[in-house]
Amino acid sequence: MSRTRRARPSAGAAIASSPWIVVSIGVLVMVVLLLVALGATRSRRPYADAPLPPDGRMTLPALATTTAAPPTSAAAPVAPRVSPRSTVLSDRPTPSASATRTPGGGRPVPPRSATPPPASAASPAVSSPVTGRYGVVSSFDGGFIGQVRLTNTAGAARGWTVRLSFPRGRVVTSWMEGAEQGTATVVDGVFTYRSGVDLKPGEVVRLRFHAENTGTTRPASCTVDGSPCIAG
């Protein structure tokens, strides 16, 4: 009979067929590594433990204590002191109280008087060189036609302004006789007429108007450039 020769299993195949062997080897390696780590940690301590006092007590740092001053009930009176300055009067004159210096160092400004200055007498009104003569041209029931005859007594041409007012009623219309027309307005019952052109020296023109419901042909006021008209 021929004898058959068996092949021997290898070491790797034996380990693979027995898993507990692999686990045991791994546990052993981990234990060795743990021991090495513990030894390295103990040899590298960053500082030595501080020795404790013999009695085992720890002392704390003392706290700084501040003592508050007792409150004072009232301030002590201050005794007046004599100034060390000299009391000799200066030879310089003292500025008068009636003058006030300006902040800019200019001349002193005298104080304003409490009493107002006396009012100056009113200057007499200057008569206008253009004179006016008031008259009635015609009258009728409920109204009349009046006129103001204007004469320039100056040596140069001048313009003029006539103002008329009546106790009641109104001026309906107005016009110029023999001259260029001007402008007429009525404000607060006062009729005002301004010349259209200047009046030549010695020239005479007539301003006529139609008034109604005045109750009278006599005006309450009639002026030419502020000077009163002449009746007639």
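Small disclaimer: the values here were computed from a predicted structure and weren't measured.
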Tell me, do [X] and [Y] make a side-chain contact under 4.5 Å, heavy atoms counted?
X: T183; Y: T185; answer: no
X: V205; Y: E177; answer: no
X: I230; Y: R149; answer: no
X: F140; Y: E212; answer: no

Atom pair [atom1] ([X]) and [atom2] ([Y]), whose distance is rounded to the nearest 0.5 Å:
X: M176; Y: L207; atom1: CE; atom2: CG; value: 5.5 Å
X: C222; Y: F191; atom1: SG; atom2: CZ; value: 10.5 Å
X: L33; Y: L38; atom1: CG; atom2: CG; value: 11.0 Å

Step-by-step side-chain contact (heavy atoms from CB on, under 4.5 Å) determination, D198 to R158
CA-CA 5 Å; D198 293 345; R158 293 183 61 91; 5.6 Å; no
Same cluster or not: are V186 and V148 linked, directly or through other Ile, Leu, Val, Met, Phe, Trp or Tyr residues, by side-chain heavy atoms under 4.5 angstrom apart?
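V186 and V148: one cluster.
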Kindly work out whether a path of hydrophobic side-chain contacts (I/L/V/M/F/W/Y, heavy atoms less than 4.5 Å apart) joins L164 to V136.
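Yes.
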Donor-acceptor pair, distance only, cut-off 3.5 Å: does the side chain of [X] make one with the backbone of [Y]?
X: T153; Y: P129; value: yes
X: T173; Y: H210; value: no
X: Q181; Y: W175; value: no

Looking only at non-hydrogen atoms, find the nearest pair between [X] and [Y] and report the distance.
X: T214; Y: A211; result: CG2-CB, 3.9 Å
X: C229; Y: V224; result: SG-CG2, 3.9 Å
X: V190; Y: R163; result: CG1-CB, 4.3 Å
X: R218; Y: P167; result: O-CD, 4.4 Å

Just say parallel, tilted or perpendicular for the rings of F166 and F144, cut-offs at 30° and 60°.
perpendicular
Side chains of S127 and S227 only: does a donor on one sit below 3.5 Å from an acceptor on the other?
no
Please identify which of these residues, V162, T161, T131, meets the side chain to side chain contact (heavy atoms under 4.5 Å, CB included) condition with D225.
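It is T161; the other options fail the test.
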